[in-house]
Amino acid sequence: MDEISPLVYLCGILALGVLGQWLAWRLRLPAIVLLLVAGFAAGRFANPDDLIEAELLLAFVSLSVAVILFEGGLSLQFHEVRETSRLVVRLVSAGLLTTWGLTAVAAHWLLAFDWPIAVLAGALLTVSGPTVIVPLLRHVRPERRIGSLVKWEGIVNDPIGAVLAALVFDAMLHGGLKGLGDGAASLTLLNLMLTLLLGSVIGGLTAVVMVVALRRHWVPDFLQSAVFLAVVVVVFTLSNQLRHEAGLVSVTALGVALANQRRVTVKHVVEFKENLRVLLIAVLFVLLASRVPLSSLADVGWGGAAFVAALILVVRPVSVWLATLGTEIRPAERLFLCCIHPRGIVAAAVASLFALEIASTTKAAGLSPELVGQAQQLVPVTFLVIIGTVTVYGLSIGPLSRWLELSRSNPQGILFAGASTVVREIALAVQNEGFQVLLVDTNQWNTSRARMAGLATCYANIGSEYVRNELDLGDIGRLLAMTPNDEVNALAALNFAEDFSRAGVYQLATPASSSERTEPLSAHHRGRVLFGEEVTFDLLARRFAAGAEVKASLLTDDYGYDEFVGRYGESAILLFVVEESGNLAVCTAEQPTAPKPGQKVIAVVDV
């Protein structure tokens, strides 16, 4: 311990956090599970309390949570919940209060907590949040309606639950929760409403100021991300000074307001905050988990396991059922909601903050030793809940959503930018193999011809907000930009890189340029090159005009790919390979494909 410096410790924490997230991506596991494992392992070598002052750690955790909630607010679009806004309101009001009450009862009976600590635990564990909800949704890819509903509930619940927990904590410290009939609950709810109102007003006004500043170009481009970060930190701190814990509401409201205005673009800020969120989550989870000895988790005992089971099997289903009672939600959607409510970084951070405040201040002087001991037990209980809920929901929600027919975890459909003859011929061959296709074009003649051929089409600009926000892309997993215009193709690839990742956006090659002035766009502005470096739109158009066709051929031991090439010649252009697993592999210039027996090839051939 004496040989580890704060610099070495922080460097190790960052490395472990990033490594944990990378391994989670490779293994297709919830990242939080590996981050917690890394944190518990790091705690065996060093305790951050011995290297970082409590006041500094408390400030870092608070500011990090503020940035995470701001980034979560930036991902909330009102158009996502036009049909389900009533459900969102009921889930974050009646559903949250039901969760609070039932969790408090479970903590009192199963963990033997006195009522003040049980009520505090109930408030603390109402939160969920973007750090666990968004990765799960990205992995499961549920239908747009239910996915938006879950995301909104999780992100909006975070500041409300955190503020509620803070108000209960203050009431407990001042002796306001000694009984259930002394009006403490009503006072807490009143303070919660005032805090939500103040935070929303501050966040909304700040958003107006930021929009005006960007529209009038008061902030240069290279400073905008830094200015936004500074504003988030200042707004969070100022709001907390005006009213305790109003900062979390302010930064969330600020993010939501900026995300839903249309006067200026904040996409570059969103990208910066996403990268910052990944780093903060990596550091926070490992840092906070390293403060929790494994022995403290074991000390919770079987009561802790029963408590986690009660949250999953009783509290969540009952709260969802009550919140959705009398609504038009489908049974499958209700069951999906009942089976997803993992706890994340906000619960861990707020519990750790409470423990730090009790340990580093004299506020707890009025509490009995029993209550102080139970308050310190909130941290291991919270981490036990995080581990249990993330593990159960993370492993079960994927199979459940597929069983309920609400998602496709590995969608194989293709979104085509363009609906020309070239695209129609290729899209028909893909559709005939059982894969969903959608063609988007601004040429009405092209789209009408595609519809007549039995293809799904959309008359729109591929770069418009309408395509991303209004079309249901649940079964679509890739973009193939195949218009005659290379700039349009590149724009489409850039727009959909966030939805399908850079590995899932493709565009046709550009003809070689003889001048630097007309050379193609740089690589980071483009998608992956389709089919081959020499396969341009003009080449495909000439081939089809000369009578070429798209041919699908099943390869066998007697009729392999060499025989296929021998039959159709070297001029055959390999487009796709349907693998034995049923997946559709797109052929690219960067990864030469060697089809094997048992697979089916789709290629452009001369007949």
Side-chain angles (χ1 to χ4, degrees), residues 65 69 72-73 76 81 84-108 118-133 146 148-171 177 180 184-197 199-200 245-246 248-249 252-253 256 307 310-312 314-327 329 333-334 336-351 378 382 385-386 389 393:
V65 171
L69 288 184
L76 297 181
V81 287
T84 57
S85 57
R86 180 186 172 200
L87 275 172
V88 171
V89 172
R90 294 185 65 166
L91 285 170
V92 300
S93 55
L96 184 143
L97 293 177
T98 303
T99 302
W100 179 22
L102 293 179
T103 304
V105 172
H108 176 69
V119 173
L120 176 60
L124 174 63
L125 294 174
T126 59
V127 301
S128 181
T131 59
V132 283
I133 287 294
I146 189 64
S148 299
L149 182 59
V150 172
K151 183 174 72 172
W152 268 82
E153 183 206 7
I155 296 176
V156 174
N157 261 355
D158 259 11
I160 298 176
V163 171
L164 179 62
L167 293 174
V168 172
F169 183 65
D170 284 344
L177 289 176
L180 295 178
S186 299
L187 180 61
T188 298
L189 292 178
L190 176 62
N191 287 330
L192 173 64
M193 299 304 298
L194 293 175
T195 303
L196 294 178
L197 177 61
S200 300
E245 295 302 336
L248 295 179
V249 182
T252 305
V256 173
F307 179 66
L311 294 182
I312 296 173
V314 178
V315 175
R316 179 60 178 176
V318 171
S319 63
V320 168
W321 183 78
L322 289 176
T324 59
L325 194 62
T327 65
I329 189 171
E333 293 175 326
R334 180 181 281 113
F336 185 88
L337 281 175
C338 289
C339 298
I340 182 168
H341 194 226
R343 275 62 169 187
I345 190 61
V346 174
V350 174
L378 277 178
T382 300
V385 170
I386 292 172
T389 56
Y393 292 135

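The basis for the numbers below is simple: all heavy atoms, side chains too, and nothing from hydrogens, waters or symmetry mates.
- S319 OG to L91 CG: the interatomic distance, rounded to the nearest 0.5 Å, is 8.0 Å.
- Residues T126 and H341 come closest through the heavy atom pair O-NE2, 3.4 Å.
- Considering V315, V320, L322 as possible partners of V318, the one that fulfils the side chain to side chain contact (heavy atoms under 4.5 Å, CB included) test is L322.
- Taking each heavy atom of A310 and A106 in turn, the nearest pair found is CB-CB, 4.5 Å.
- When side chains are defined from C-beta on, V156 does not count as touching T252, because their heavy atoms never get closer than 4.5 Å.
- Atom CG in L87 sits 4.5 Å away from atom OG1 in T327 (nearest 0.5 Å).
- The minimum heavy-atom distance linking V150 with F336 is given by the pair CG2-CE2, 3.8 Å.
- Looking at heavy atoms from C-beta onward, W100 lies in side-chain contact with V168 at the 4.5 angstrom threshold.
- Closest heavy-atom contact between A351 and T382: CB-OG1, 3.6 Å.
- Nearest heavy-atom pair, S93 versus V89, reported as atom, atom and distance to 0.1 Å: OG-O, 2.5 Å.
- Taking CD1 from I329 and OG1 from T324, the interatomic distance works out to 5.5 Å, rounded to the nearest 0.5 Å.
- Shown here for I133 and G154, the closest heavy-atom pair between the two residues is CG1-CA, 4.4 Å.
- Summarising the geometry, atom OG1 belonging to T99 is positioned 6.5 Å from atom CZ belonging to R316; distances are rounded to the nearest 0.5 Å.
- Taking OG from S128 and CG from L96, the interatomic distance works out to 11.0 Å, rounded to the nearest 0.5 Å.
- Contact check for V127 versus N157: no side-chain heavy atoms found under the 4.5 Å cut-off.
- If you take CD1 on I160 and CG on L164, they are separated by 9.5 Å, rounding to the nearest 0.5 Å.
- The side-chain heavy atoms of L378 and L120, taken from C-beta on, include a pair separated by under 4.5 Å.
- Of the possible polar contacts, one joining the R343 side chain to the L125 backbone as a donor-acceptor pair under 3.5 Å is found.
- Counting heavy atoms from C-beta on, the side chains of V346 and L248 never come closer than 4.5 Å.
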